[in-house]
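We use all heavy atoms of the structure for the numbers below, so side chains are in, but hydrogens, waters and symmetry mates are not.
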Amino acid sequence: MAAASGRQTGRPTLEEVAARAGVGRGTVSRVINGSPKVSEQAKAAVEQAVAELGYVPNRAARALAGSRTDAVALVIPETEARLFSEPYFLDIIRGVSGELAEADKQLLLTLIRSEQERQRFEQYLAAQRVDGVLLVSVHGDDPLPDRVRALGLPAVLNGRRSRDESVAFVDSDNTGAGRTAVAHLAARGRRAVATITGPLDMHVARCRLDGYREGLAEAGLPADEALVANGDFTEEGGRRAMRELLDRRSDLDAVFAASDVMAAGARAVLREAGRRVPEDVALVGVDDSAVARHMDPPLTSVRQPIEEMGRAMARLLLQEIASPSAPDDQPRRMLPTELVIRASS
């Protein structure tokens, strides 16, 4: 068991990795430091042993050896089309790049769209070409955060994979966002309040759905699963979900969409169906992005401080690079949300 001082951590040693992999200590060191002078068979055995034992290389020793790169990777597992079409990602990048520029660090933006690209990126990390990794839009089953940590690099997530997240993260009050949106709609006299969720393999989407349900209960409104439609944080996903909702409950009078982009898709379908916003159907989104401000009518939205989240992620990562936390005591930050009322509700 680890001592209270954190000095005796019981972490696996380089020798234990070597024994598990059936190779010498020097081979393990070469693999961890990205040397090409290792056979593929030995490299695979060492990487497997590192993953099984949860070995974390001594970053402090590497820093003393002058191996810092002054570069940070920002990983977004999305296509270029989605990256540049959704304000959320651009605001995160703006916050991260601004904070890293002030610290004189280089930003490496990486899109991962396939398993092959993920494996290639892991090989890049194993060569110690960056000092830390920021990850955005992480799904619940994504192994990359744990692989980054197994390679001995600090990592900070934008959001969480679950309530029990073991990696450092910066998140916003997503449950509160759903609860606040429903409370606002109920206060405006809406009684058949629907929701369009994000992808439910993402913790952020499940939290916003939980908040929606809590908001219904607090307002004394009945919960009806016919008023819940799954989306995917895209405009087309919002369109599909809105059509489903109108087919199921044509009497709905309000919609809480778990993102502004999905709300824009829902707004288009409501217009096609001859439903006026907000007279017939009130509409609320999340993010308070440029999409919300430019919709017709302008969209009521739960604001999360996206650019500040990016800055907070970068600050946290820089702190972890300078002074690593214990694996079982990873830092986390929760930022508040705020309802911005406009003409759509």
Side-chain angles (χ1 to χ4, degrees), residues 2 9-77 106 108-157 160-162 164-169 317 320-321 324-330:
T9 62
R11 296 180 187 177
T13 64
L14 202 68
E15 289 76 12
E16 289 171 331
V17 174
R20 173 68 68 94
V23 299
R25 187 180 188 279
T27 299
V28 175
S29 180
R30 283 191 291 276
V31 171
I32 289 173
N33 288 292
S35 171
K37 299 178 180 179
V38 183
S39 71
E40 286 299 317
Q41 183 178 358
K43 181 173 179 288
V46 170
E47 290 178 345
Q48 183 175 349
V50 165
E52 290 174 353
L53 292 172
Y55 174 73
V56 179
N58 188 334
R59 295 197 300 276
R62 288 210 311 270
L64 289 173
S67 61
R68 289 270 169 83
T69 67
D70 286 332
V72 167
L74 174 61
V75 180
I76 302 178
Q106 182 178 353
L108 173 68
L109 178 61
T110 303
L111 304 184
I112 295 182
R113 295 148 293 193
S114 68
E115 177 62 19
Q116 183 181 16
E117 289 183 341
R118 185 182 68 80
Q119 291 177 358
R120 189 182 305 127
F121 181 66
E122 288 183 15
Q123 293 170 0
Y124 183 88
L125 295 181
Q128 304 298 329
R129 292 174 177 169
V130 297
D131 294 329
V133 180
L134 300 165
L135 298 108
V136 179
S137 192
V138 178
H139 293 250
D141 60 352
D142 193 333
L144 187 56
D146 297 316
R147 292 292 298 129
V148 173
R149 296 294 311 284
L151 289 167
L153 290 167
V156 177
L157 308 183
R160 294 172 280 172
R161 291 171 293 175
S162 73
D164 301 320
E165 181 58 68
S166 60
V167 177
F169 66 81
L317 186 67
E320 286 298 295
I321 292 170
S325 301
D328 59 351
D329 189 27
Q330 291 293 289

(request) Could you walk me through whether Leu134 and Leu157 pass the side-chain contact (heavy atoms from CB on, under 4.5 Å) test, one step at a time? (result) CA-CA 6 Å; Leu134 300 165; Leu157 308 183; over 6 Å; no
(request) Give, for atom CD1 of Ile76 and atom CG of Leu109, the distance between the pair rounded to the nearest 0.5 Å. (result) 5.0 Å
(request) Please lay out, stage by stage, how Arg20 and Glu16 fare under the test salt bridge (Lys or Arg N to Asp or Glu O under 4.0 Å). (result) CA-CA 6 Å; Arg20 173 68 68 94; Glu16 289 171 331; over 6 Å; no
(message) Around atom CD of Gln48, are there more than 12 heavy atoms from other residues, nucleotides or ligands closer than 6.0 Å?
(response) no
(request) Could you tell me which non-hydrogen atom of Val31 sits nearest to which non-hydrogen atom of Lys43, and how far apart they are? (result) CG2-CA, 4.0 Å
(request) For Gly132 and Leu153, work out which heavy atoms get closest and say how close. (result) N-CD2, 4.4 Å
(message) Among Leu135, Leu317, Val72, which residue satisfies the side chain to side chain contact (heavy atoms under 4.5 Å, CB included) criterion with Val156?
(response) Leu317
(request) List the atom of Ser166, the atom of Arg161, and the distance in Å for their closest heavy-atom pair. (result) OG-NH2, 4.0 Å
(message) Looking at every heavy atom in both Ala155 and Val167, which two are closest together, and how far apart are they?
(response) O-CG1, 3.6 Å
(request) Check whether more than 12 heavy atoms from other residues, nucleotides or ligands sit under 6.0 Å from atom CD of Glu115, and answer yes or no. (result) yes
(request) Quick one: list whatever passes side-chain contact (heavy atoms from CB on, under 4.5 Å) with Ala71, sequence neighbours left out. (result) Thr69, Gln106, Val130
(message) Working note: Asp142 + Arg147, criterion salt bridge (Lys or Arg N to Asp or Glu O under 4.0 Å); need CA distance, chi angles, decisive distance, verdict.
(response) CA-CA 10 Å; Asp142 193 333; Arg147 292 292 298 129; over 6 Å; no
(request) With rounding to the nearest 0.5 Å, note down the distance linking CG in Asp141 to OG in Ser162. (result) 12.0 Å
